[in-house]
4 protein chains.
Amino acid sequence: MARNKGEESKKKIFQAAAELFAHKGFHATKISDIVAKAGLTQAAFYLYFNSKEEIFEQMLEDFEKQLIHFSDAGKKVADIQPEHVKDHVRETIADILKFLGKNPHLTKVALRENKDDRLRSIIVEKIAANMSNNQRLGIVKTEIDTQFAGEAFLSVIEHIIERYVMTGEKTENELADQVSLLFLEGILNKN
Amino acid sequence: MARNKGEESKKKIFQAAAELFAHKGFHATKISDIVAKAGLTQAAFYLYFNSKEEIFEQMLEDFEKQLIHFSDAGKKVADIQPEHVKDHVRETIADILKFLGKNPHLTKVALRENKDDRLRSIIVEKIAANMSNNQRLGIVKTEIDTQFAGEAFLSVIEHIIERYVMTGEKTENELADQVSLLFLEGILNKN
Amino acid sequence: MARNKGEESKKKIFQAAAELFAHKGFHATKISDIVAKAGLTQAAFYLYFNSKEEIFEQMLEDFEKQLIHFSDAGKKVADIQPEHVKDHVRETIADILKFLGKNPHLTKVALRENKDDRLRSIIVEKIAANMSNNQRLGIVKTEIDTQFAGEAFLSVIEHIIERYVMTGEKTENELADQVSLLFLEGILNKN
Amino acid sequence: MARNKGEESKKKIFQAAAELFAHKGFHATKISDIVAKAGLTQAAFYLYFNSKEEIFEQMLEDFEKQLIHFSDAGKKVADIQPEHVKDHVRETIADILKFLGKNPHLTKVALRENKDDRLRSIIVEKIAANMSNNQRLGIVKTEIDTQFAGEAFLSVIEHIIERYVMTGEKTENELADQVSLLFLEGILNKN
DNA sequence: AATGAATGAGACTTCATTCAT
DNA sequence: GATGAATGAAGTCTCATTCAT
């Protein structure tokens, strides 16, 4: 008989806020927007959060927690046969997309709507480290500036989450195909 | 000496607004911030602009005007020798970066801070059209979804403008090298 | 065992409210403060009182009731031997202090936290009447404005209740000594 | 032609706030009350003060400043002939009353409406020190607890400021007479 | 050409109070 | 006898905008 009505209301507010922050940005989102979307009154907001600032912070923390968890769960890549490198990368990209796409609003808020770029940096570092490792293994070109490539990659991921995942226009797998095609081999025809 | 002092004040305000909109977003930027940065009073703002919305619109129009002009000035690519394709693309990218980087704040505002994605779309269309053309010429792989690739490309450009150009960390030419390396041939070692 | 649990809760709330009203004043005291101190929930407050105003009114009534009772119980002063006047006054003062000091919070609320000064006036009238009587008996100087002196006396009593009784710094008897010394004979050395 | 309109508005608000804080207390006074009394709008309040808290603090500071100034201006009592002691004390009391009565609202706010009793203590200390000195000179009885007497004295002063000065019912000189009569020689007839 | 002063509208936040369980 | 959850109304504060000078 659902004795956790409060917890549910809190979640509703949280979700509503995430969507609105993602769509209109933190400043343009009013508490009244949030609670309207959650089907409650403004006072109810303050039952669960102390301020607009606070719900925002919780959002970032939430994202970071999930991010850490996702990283830790990263498949341990033992030895990949050279001929499977591409497939493996594509899969990794799909995983990232699926993770970030699972909560696209939160993702957008975390990557766009914060002062410093701490969360963004964390992700970029991970990607860059991975790429560097693959340089040492001879898989990735040594001319590539992995930091730079990591940032470029994240920008693209971020954009397509918003542009294709949030709109439902393409699936994560389709997107992973395109992204890996692009990043792994570039657009030029070889000949 | 005091020729067109008014025009100068207007420019100061415009520039201050562009920087602030770029850094903090439209909503988070207060008229008081803008005029403080411009060294004027709030009332002065309304001497030159009718509202906060208006200066924002003018900013987008300004950007669009420059954009059109830039497109029109695009070098007519007659016949490029196959062996010069890469250099040509790199140059084109450098041109784009230089154009957008000339007024990075305006660029960021135009690409991020607007309701619809009209300006963004215009650019993406151009890039996609160009790529499609290159597909027909056999230069670009046919598997590439040019619309998608255009968007990815713009996302990267946009990010590096903010991340490297606005900070002065890298020059447009350096960036063009990295971007073309990445997009043209991908990160994988060929073998 | 659970006899009149309700009555107990009501008392707890009443006492908590009295202390808080005394310390922070009516307006600055929140229902949430009161019930927190009483170990109950806000809804419980409304089980026993209809509003914040109401508990406050009850407090004043309570005080007034006790006050009436105290007055009525006032020792009938028949004939006091001139040489015992001082002792008698000191005792009266001690009685007043003990009465008001028994519930210092209530006292403070009653004397400070009300719109009109009805309760205060009642007490002042009593003291003034008493003094006037003593003037007729030749005990008190005729130059003394008894109304004024009554007010001065009550102000002092009120202050020391808060300053010394509530803090436990001095006992009512010690205070009565000082007060009577002060009021009866003044600070100047006679010679 | 009065180019200091702003400064005037600030003063109007300050004065209105002082009166209201004195009459209804800090918490019960609304910004809307204050500005209504000052003939301005709520927004104007924030042109001159950052918060309700701040204007209150400024009020205390203001009072303290005046207090220090008053103390410093205290007449240097060289040698007072024994037979002039009373007159001298009466004059001192009148001075204090005039000083505090000049701005009775501020006085009330400073003495009643603050967390700690810092300002109150400062005054009490001064009075007590003075009295102690007079004890050494054989003017004041040694049985008197000067700290206690100082507090009693201030309570009375405070009360009569509110009760008689603010209402205009008695003048400072009349009050000084009564107060000195009371405190110097007490109410009892000597015989 | 510019400013000091003010404001209306609306945002955020608090709090006494209610109600279903 | 008591509570968890919610709310309406009101208060504090902010900000784009206006206007007289």
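When reading the values below, keep in mind they use all heavy atoms of this one structure, side chains included, and skip hydrogens, waters and symmetry mates. Naming convention: chains lettered A, B, ... in sequence-line order (proteins, then strands); numbering from 1 in each chain.
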Open item on the list: I need the residues from residues 15-39 of chain C with at least one non-hydrogen atom less than 4.0 Å from DNA chain E; give them sorted by number, or say none.
Closed with: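 Contacting residues: C:T29, C:K30, C:I31.
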Just to verify, what does [X] make a side chain to side chain donor-acceptor pair (under 3.5 Å) with, not counting sequence neighbours?
{"X": "B:K52", "value": "none"}
{"X": "C:R120", "value": "C:E158"}
{"X": "C:H105", "value": "none"}
{"X": "B:N50", "value": "B:E54"}

Figure out the [atom1]/[atom2] separation between [X] and [N], and round it to whole Å.
{"X": "B:I13", "N": "E:dA1", "atom1": "CD1", "atom2": "P", "answer": "12 Å"}
{"X": "D:K12", "N": "E:dA6", "atom1": "NZ", "atom2": "C1'", "answer": "12 Å"}
{"X": "C:K11", "N": "F:dG1", "atom1": "NZ", "atom2": "P", "answer": "14 Å"}
{"X": "D:N4", "N": "E:dT3", "atom1": "CG", "atom2": "C1'", "answer": "16 Å"}

- [ ] Any chance you could encode DNA chain E as dot-bracket? Rule is Watson-Crick or G-U wobble with both distances under 3.5 Å; [ ] for pairs crossing earlier ones, | for another strand.
- [x] .||||||||||||||||||||
Open item on the list: Applying salt bridge (Lys or Arg N to Asp or Glu O under 4.0 Å) as the test, list every pair that has at least one member in residues 57-68 of chain C; sequence neighbours left out.
Closed with: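 Found C:E64-C:R118.
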- [ ] State, to 0.1 Å, how close C:T107 and C:L100 come at their nearest heavy-atom pair, and which atoms those are.
- [x]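 Looking at all heavy atoms of both residues, the closest pair is OG1-O, 2.7 Å.
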Open item on the list: For a quick test of reading the model, state the closest non-hydrogen atom pair linking C:Y48 to C:G6 and the distance between them.
Closed with: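 Between these two residues, the closest heavy atoms are OH-CA, 3.3 Å.
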- [ ] Could you tell me which residues satisfy salt bridge (Lys or Arg N to Asp or Glu O under 4.0 Å) with A:K12, sequence neighbours excluded, listed by chain and number?
- [x]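 A:K12 satisfies salt bridge (Lys or Arg N to Asp or Glu O under 4.0 Å) with no other residue.
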Open item on the list: Can you list everything that forms a salt bridge (Lys or Arg N to Asp or Glu O under 4.0 Å) with A:K108? Sequence neighbours excluded, please.
Closed with: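 For A:K108, the residues satisfying salt bridge (Lys or Arg N to Asp or Glu O under 4.0 Å) (neighbours in sequence not counted) are A:E162.
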Task: 5′-ward residue of the pair D:A43/B:L40 relative to DNA chain E - done: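 Its nearest nucleotide being more 5', the pick is B:L40.
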Task: Under-3.5 Å donor-acceptor pair between C:Q42 side chain and E:dT17 base - done: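 Checked by distance alone, the answer is yes.
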Open item on the list: Is there a side-chain contact between D:S9 and the phosphate of E:dA6, meaning an N or O under 4.0 Å from OP1 or OP2?
Closed with: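 Yes, such a contact exists.
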Open item on the list: On the nucleotide F:dT21, are OP1 or OP2 found under 4.0 Å from the side-chain N or O atoms that D:K5 carries?
Closed with: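 Negative; the distance criterion is not met.
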TODO: Enumerate the residues from residues 46-59 of chain D whose closest heavy atom to DNA chain F is under 4.0 Å, giving them by residue number; use none for an empty result.
DONE: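 By residue number: D:Y46, D:S51, D:K52.
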Identify all side-chain donor-acceptor contacts of residues 22-38 of chain B below 3.5 Å with residues at least two apart in sequence or on another chain.
from, atom 1, to, atom 2, distance (Å)
B:K24, NZ, B:D33, OD2, 3.1
B:T29, OG1, B:L20, O, 3.2
B:T29, OG1, B:G25, O, 2.7
B:D33, OD2, B:K30, N, 3.0
B:K37, NZ, B:E19, OE1, 3.3

TODO: Could you pull out all residues at least two apart from D:S121 that satisfy side chain to side chain contact (heavy atoms under 4.5 Å, CB included)?
DONE: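 Expected list: D:D117.
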